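First the structure, in the form of structure tokens, and then the observations on it.
Quick caveat, the model's predicted, so the values are computed rather than measured. In what follows, every chain begins at residue 1, and chains take the letters A, B, ... in the order their sequences are listed.
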Number of protein chains: 2
Amino acid sequence: MEQTIRKNTVKKKRLGAQPAASTVTEVAKRAGVSVSTVSRILNGTARVSDDKRRSVERAIEDLNFKPNVLAQSLKSGQSMTIGVITQAVESPFFNELLKGIEEGLQGSGYASLMASGHWNSQSEIERIRLLIARRVDGIILLTGNLNNEQILDLASQTPIVAVGHTAHSDNAASIFIDSRMGGYLATKHLISLGHRRIAHIQGPQEQHDASNRLHGYKMALEEAGIAFDEDLLAQGDFIEPGGLMAMNRLLDKGVSFSAVFCANDQTAYGARLALYRRGIRVPEDMSLIGFDDLPMSSYTTPPLTTIRQPVYEVGQTAAKRLLRLIRGEGAESVNLNVELVIRESTRRLG
Amino acid sequence: MEQTIRKNTVKKKRLGAQPAASTVTEVAKRAGVSVSTVSRILNGTARVSDDKRRSVERAIEDLNFKPNVLAQSLKSGQSMTIGVITQAVESPFFNELLKGIEEGLQGSGYASLMASGHWNSQSEIERIRLLIARRVDGIILLTGNLNNEQILDLASQTPIVAVGHTAHSDNAASIFIDSRMGGYLATKHLISLGHRRIAHIQGPQEQHDASNRLHGYKMALEEAGIAFDEDLLAQGDFIEPGGLMAMNRLLDKGVSFSAVFCANDQTAYGARLALYRRGIRVPEDMSLIGFDDLPMSSYTTPPLTTIRQPVYEVGQTAAKRLLRLIRGEGAESVNLNVELVIRESTRRLG
DNA sequence: AAACGTAATGAAAACGTTTTCAAACACAGC
DNA sequence: GCTGTGTTTGAAAACGTTTTCATTACGTTT
């Protein structure tokens, strides 16, 4: 894999190349004023005579002085940094959230420190502790396996906005998305198209979102008077390979069904491939519906019918609320609705 | 969209909930020793008698003391943070890189600050300056539109590892991927399958990767004695919508062709949809090849033949090299090779 | 001319660490 | 009992800011 290698000369003194960063003291000296005066000019925190201002400004220019944020943070107790706990950096779902957060933080002066929890509550807590140790001013928690008690406990140390949770206190706000309703809507859509034998590929059982979607699926069946059939349930893992294998298992079982509700879009992509491999056409022979409305779902063949979560907006909202929490303005928790988007992977039976 | 809202009581004193973080001074006081002793125990930097050690450890336990990283950073001049400049958080390509970086940073004690350049050299420089102002210990630059001179200039202020560039100095290393070779391999593959009329949907012209891939395409054509035909070139934008529209334009032109080399996988996804819409089958009627080998490309219908870049490994390598650069150990620049992965979207003509 | 208010400025303390330096102490050897 | 050696320890300085407090200078009022 390696083609060409150019080797650097090893440097002994690592700071050799960098021009030593200048300090407020040097600026003061060069301008012939006290450090207090420099600071006042920097922050506009008091008036200072025009001639001093000018000479200080020149000194700043000359030395290319930039205040040391670390020192400012130490003094002020604010790091101007927030922590973000994601579960899987490589997942399109989380990235859409991150994009929203970035946008929500725009122009606030805050930067974000990223860490992955990998769907593991132990590792989540560990990462959060790490972020707190770094003195982040607040944390955005993107789903995960923590329970409300744990979240509120952590929130006693730093403000938290938790996406996909319902924890709520003075120092914690949540943004909850109604997965159960989503599962219900997805299944109901299939039923309304005349399907009666509807399979479900579920997500990891320990995740709330997964069990809520399953619950919604059952609700819709029950409402339509269709008995829940254990044989039509297959276990997925929220990513493509699981969807592929689950669909294969379903097909191999020999039970008949005409539609599948997949716990998320990535699962549906996997299931789609399994069908393609067997020459089962979508939507002619089998209807397929996902959950999330990832950007890619508009571009699958055929484009995927799915349940849309306002992912981007959620990220944005989370960031905004965290800023409010940090400013001590309190924040509301909010439940967001989910919406059916009909594309071309579902079709009337018959 | 908003369903339920619970409002927080507005807090006046924002720190109300947090137990005031304890300091090394308090620990010292409680343990009846000096702060120096506490520090020594914390860092194992000198021996201290067993009884003092025990009482200090108890005090730390009692007060739940965690050293303030900000203060440590100020003292040491190391923020234990690196900056990462990505171009688009929401892109699967960049996320694969980020995943690699996260993995490469594992256990190093470094955390990463994220910022997006949005393919805009001005905004890239601005973000980098911001990161430098925050005293990051180094920066990983993921592609982008900066030229080598600009990169080397920035590298005089902080160590930089630049992915997709060739800048190299004592304080900068690059990881370069041979896009031209990739374009060549992709086109050659199509030629070897008997295709002669091969279209290309190119990426944004100002990006090196895009023009290199185009260059490789032309090289392969020339080698095979096929004249380059301007009519078979269409402009894309590295994302799906551009691929869709470009393919439509190509088709509408009425020129005939049997294969398309797309500048990246996302472009291929878009092109695929355009073909689907017109009932043109892949690969029976049209061969399609992409570039990147995104995770999704194994799951499209049909799975996409593409040029694989070792994206994840690149991220990992970038992180590792940056750590070396930071430690002043120097670092090598490296060119990585690219590889053809044949799936089911290309087929022998005839 | 004395008294006073106001505006501009600087010295010093503070944020929470780490590290240098010197002092205190213990113990052995003479 | 004195010197020397080595180990533990604490005081204080330093990192680069911001902010409090006191001082100076100046113009105004009586």
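Among the atoms of the strands shown, only primed sugar atoms or phosphate atoms (P, OP1, OP2) are found under 4.0 Å from some heavy atom of B/Thr23. A/Val24 comes within 4.0 angstrom of a base, heavy atoms only.
Residue A/Met80 contributes atom CE, which lies 21 Å from atom P of C/dC15 at whole-angstrom precision. Rounded to whole Å, atom C1' of C/dG16 lies 13 Å from atom NZ of B/Lys29. The nearest whole Å value for the distance from the CD atom in B/Gln78 to the C1' atom in C/dT17 is 15 Å. To the nearest angstrom, P of C/dA7 lies 18 Å from CG of A/Asp51. Atom CZ in B/Arg134 sits roughly 15 Å away from atom P in D/dT17 (whole-Å rounding). One interatomic measurement links the two molecules: CG of A/Asn68 to C1' of D/dC15, which rounds to 9 Å at whole-angstrom precision. Separating the CG atom of B/Leu42 from the P atom of C/dT18 is a distance of 6 Å, rounded to the nearest angstrom. Distance, B/Leu74 CG to C/dA14 P: 17 Å, rounded to whole Å.
In terms of polar N and O atoms assigned as donor or acceptor, the side chain of A/Arg40 comes within less than 3.5 Å of the base of C/dG10 in a complementary pairing. Counting distance only, with no hydrogens placed and no angle test, the side-chain atoms of A/Lys75 and the base atoms of D/dT18 include a donor-acceptor pair under 3.5 Å. No N or O donor and acceptor, one from the side chain of B/Arg47 and one from the base of D/dG6, sit under 3.5 Å apart.
The closest side-chain donor-acceptor pair between A/Ser55 and A/Asp51, if any, does not fall under 3.5 angstrom. Under 3.5 Å, the side chains of A/Thr37 and A/Ser34 contain a donor-acceptor pair of N or O atoms.
Dashed line: the shortest gap from a side-chain N or O of B/Gln72 to OP1 or OP2 of C/dG16 is not under 4.0 Å. Close to D/dT9, at under 4.0 Å from its OP1 or OP2, lies a side-chain N or O of B/Ser49. Considering only side-chain N and O atoms, B/Ser36 lies nowhere under 4.0 angstrom from the phosphate OP1 or OP2 of C/dT19. Here B/Thr25 does not reach the OP1 or OP2 of C/dG16: none of its side-chain N or O atoms lies under 4.0 Å away. Phosphate proximity of C/dT9 to A/Thr37: absent, as no side-chain N or O sits under 4.0 Å from OP1 or OP2. Of the side-chain N and O atoms in A/Lys52, none sit less than 4.0 angstrom from OP1 or OP2 of C/dA8.
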Kindly determine whether B/Ser333 and B/His168 satisfy side chain to side chain donor-acceptor pair (under 3.5 Å), including the steps that lead there. CA-CA 7 Å; B/Ser333 285; B/His168 187 85; 2.4 Å; yes
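Nearest nucleotide to the side chain of A/Ala71, out of C/dT18, C/dG10, D/dT17: D/dT17.
Annotation for B/Ala31 and B/Ala59: closest pair CB-CB, 4.0 Å, computed over non-hydrogen atoms. Across every non-hydrogen atom of A/Met114 and A/Thr86, the tightest pair is CG-CG2, 4.5 Å.
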